[in-house]
Amino acid sequence: MRVFLTGATGFIGTAVAQELIAHGHAVLGVARTDAAAKTLADRGVAPHKGDLTDHASFIAGAQACDAVIHCAFIHDFSKFMENIEIEMATVTAMLAALEGSGKPLITTSGVALLAPGQTATEAHEAARQGRGETEGMVRDAASRGLRTAVIRLPPITHQDGDGGFLGPLVGIAKEKGKAAYIGDGANRWPAGNRADAAALYRLALERGEPGAAYHAVGEEGVPARDIAGAIGRRLDLPVEAVAQEEAMAHFGWLGMFAGVDMPATSHITQQTLGWKPTHAGLIEDIATGTQLGRTTFS
């Protein structure tokens, strides 16, 4: 298939493009700049000039291809709700343009806060607010002549010491001079390797059921104190607890997540798609990754 890939130069999109090409698919990837277009071309991806705020560019790319994988998002958490609205409007435009075409359209969501305090499964429905509203809209579109699916990523989707919330956690530890966790640090975060996630996007494209949600979860729940401990060992920093009331002061915007217990499984995903996570786990990746904490979200 020829696949229109948004976010093609991003952390996840780069791996998805490599996975698709390695399995015989052609990729048309969104590039916002000439430099990005050259980067994509050098990787064997046909560049398509566009931007999340330019609906016409995304519609044109989607209509020119056999399928769509949407990985783009503006990771500026100071304007988080505004960026959710931007993404929702663009996805709405693509859904409308492709309605009745039967094309696969796979979008990206997350497992964080899907079912706090419970173990989130693929059967949990995202709350119809924020990115959950976009997720629900995409899944509903399966009834309108599209083969839609959603990939839910863990809050730390990592590879080579970087990815997801790992970069900000490392940056905060360096800034504060300690690797911290909230309370007793027993709250758990799911994690997954980027290479495994990329394989899941491809499998969902090739075999996914209309309207399905799939979890790119390799580890169901890594305790926060273990994550902080691994960061502390790697950076040679002390590891300390922070009181819940100090979470926002210490972690900034990440404080809204830092103390939440949010384990998640991928049992249904593995059973239905034959997907098996095989790459390095989070603690090993923190210990050995050469790109530790490179990515930060403002």
Side-chain angles (χ1 to χ4, degrees), residues 1-7 12-13 16 19-20 23 25 52 55 58-59 61-63 65-73 84-115 118-154 157 190 192 196-218 262 264-277:
M1 281 186 277
R2 189 177 190 227
V3 182
F4 180 56
L5 176 63
T6 77
I12 300 298
V16 172
E19 173 75 13
L20 291 172
H23 286 80
H25 299 287
L52 258 175
H55 296 176
F58 273 50
I59 290 171
Q63 291 179 327
C65 292
D66 305 307
V68 177
I69 295 180
H70 172 62
C71 295
F73 190 75
I84 287 173
E85 294 295 329
I86 290 171
E87 179 191 38
M88 185 182 301
T90 304
V91 171
T92 299
M94 287 195 293
L95 289 173
L98 298 180
E99 186 169 325
S101 67
K103 292 183 178 181
L105 188 150
I106 297 166
T107 61
T108 304
S109 189
V111 299
L113 305 185
L114 179 64
Q118 306 176 51
T119 299
T121 76
E122 295 87 340
H124 278 100
E125 297 284 341
R128 291 288 185 133
Q129 59 188 26
R131 295 194 83 184
E133 177 61 31
T134 303
E135 174 181 322
M137 179 179 67
V138 169
R139 298 182 70 184
D140 290 346
S143 65
R144 302 197 304 274
L146 279 170
R147 188 158 64 83
T148 60
V150 173
I151 305 295
R152 293 173 176 161
L153 298 175
T157 301
D196 291 323
L200 180 56
Y201 278 94
R202 176 182 60 80
L203 289 170
L205 173 73
E206 296 171 348
R207 310 178 191 173
E209 292 295 322
Y214 299 111
H215 286 190
V217 172
M262 48 184 172
T265 76
S266 58
H267 292 164
I268 295 173
T269 297
Q270 294 188 45
Q271 291 170 0
T272 57
L273 292 182
W275 176 74
K276 296 293 181 186

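Index from 1, following the sequence.
- Checked for salt-bridge contact, R152 and E122 miss the test: no charged N lies under 4.0 Å from a carboxylate O.
- With rounding to the nearest 0.5 Å, the separation of CE in M262 from OG1 in T119 is 12.5 Å.
- In summary, of the residues considered (V111, L114, L153, T157), a side-chain contact (heavy atoms from CB on, under 4.5 Å) with P190 occurs for V111 alone.
- Between the side chain of S109 and the backbone N or O of E135, no donor-acceptor pair lies under 3.5 Å.
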*Does the pair H267 and H215 meet the rule for a side chain to side chain contact (heavy atoms under 4.5 Å, CB included), with working shown?*
CA-CA 8 Å; H267 292 164; H215 286 190; over 6 Å; no

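- Under the 4.5 Å side-chain criterion, counting only non-hydrogen atoms from C-beta, R131 is not in contact with M88.
- For the pair H25 (side chain) and R2 (backbone), a donor-acceptor distance under 3.5 Å is absent.
- Not one N or O on the side chain of H23 forms a donor-acceptor pair closer than 3.5 Å with the backbone of L20.
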_Candidate pair T134 and T107, rule side chain to side chain contact (heavy atoms under 4.5 Å, CB included), full reasoning_ = CA-CA 9 Å; T134 303; T107 61; 5.8 Å; no

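- In terms of heavy atoms, V138 sits closest to A149 at CG1-O, 4.1 Å.
- Note: K103 NZ to F4 CZ = 10.5 Å, rounded to the nearest 0.5 Å.
- Considering all non-hydrogen atoms of both residues, R147 and G208 come closest at NH1-O, 3.2 Å.
- Taking both residues in full, the closest heavy atoms of M1 and A67 are given as SD-CB, 4.1 Å, listed atom of the first, atom of the second, then distance.
- Under the rule for a side chain to side chain contact (heavy atoms under 4.5 Å, CB included), the partners of D140 that lie at least two apart in sequence or sit in another chain are R128.
- The two residues C71 and T6 have their closest heavy-atom pair at N-OG1, 2.9 Å.
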*What do the steps show when you test E87 against H70 for side chain to side chain donor-acceptor pair (under 3.5 Å), and what is the final call?*
CA-CA 10 Å; E87 179 191 38; H70 172 62; 3.1 Å; yes

*Would you please test V68 and I106 for side chain to side chain contact (heavy atoms under 4.5 Å, CB included) and show each step?*
CA-CA 6 Å; V68 177; I106 297 166; over 6 Å; no

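- Going from atom OG1 of T269 over to atom CD1 of I151 covers 7.5 Å, rounded to the nearest 0.5 Å.
- S101 approaches L146 most closely through the heavy-atom pair OG-CD2, 3.5 Å.
- Within the structure, salt bridge (charged side-chain N to carboxylate O under 4.0 Å, His left out) pairs that include any residue of residues 206-215 comprise R202-E206 (at least two apart or interchain).
- A donor-acceptor pair under 3.5 Å links the side-chain atoms of W275 to the main chain of D196, judged by distance alone.
- For the atom pair M94 CE and I59 CD1, the distance stands at 8.5 Å (nearest 0.5 Å).
- Nearest approach of P154 to G192, heavy atoms of both residues: CG-N, 3.7 Å.
- Side chains of I12 and T108 form no contact here, defined as non-hydrogen atoms less than 4.5 Å apart.
- Note: K276 NZ to L203 CG = 12.0 Å, rounded to the nearest 0.5 Å.
- Here the CG-OG1 distance, from L52 to T90, works out to 5.0 Å after rounding to the nearest 0.5 Å.
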*asked:* One pair to check against side chain to side chain contact (heavy atoms under 4.5 Å, CB included): F73 and I84. What are the steps and the verdict?
replied: CA-CA 8 Å; F73 190 75; I84 287 173; 4.0 Å; yes

*Run the numbers on S266 and Y214 for side chain to side chain donor-acceptor pair (under 3.5 Å), then give the verdict.*
CA-CA 7 Å; S266 58; Y214 299 111; over 6 Å; no

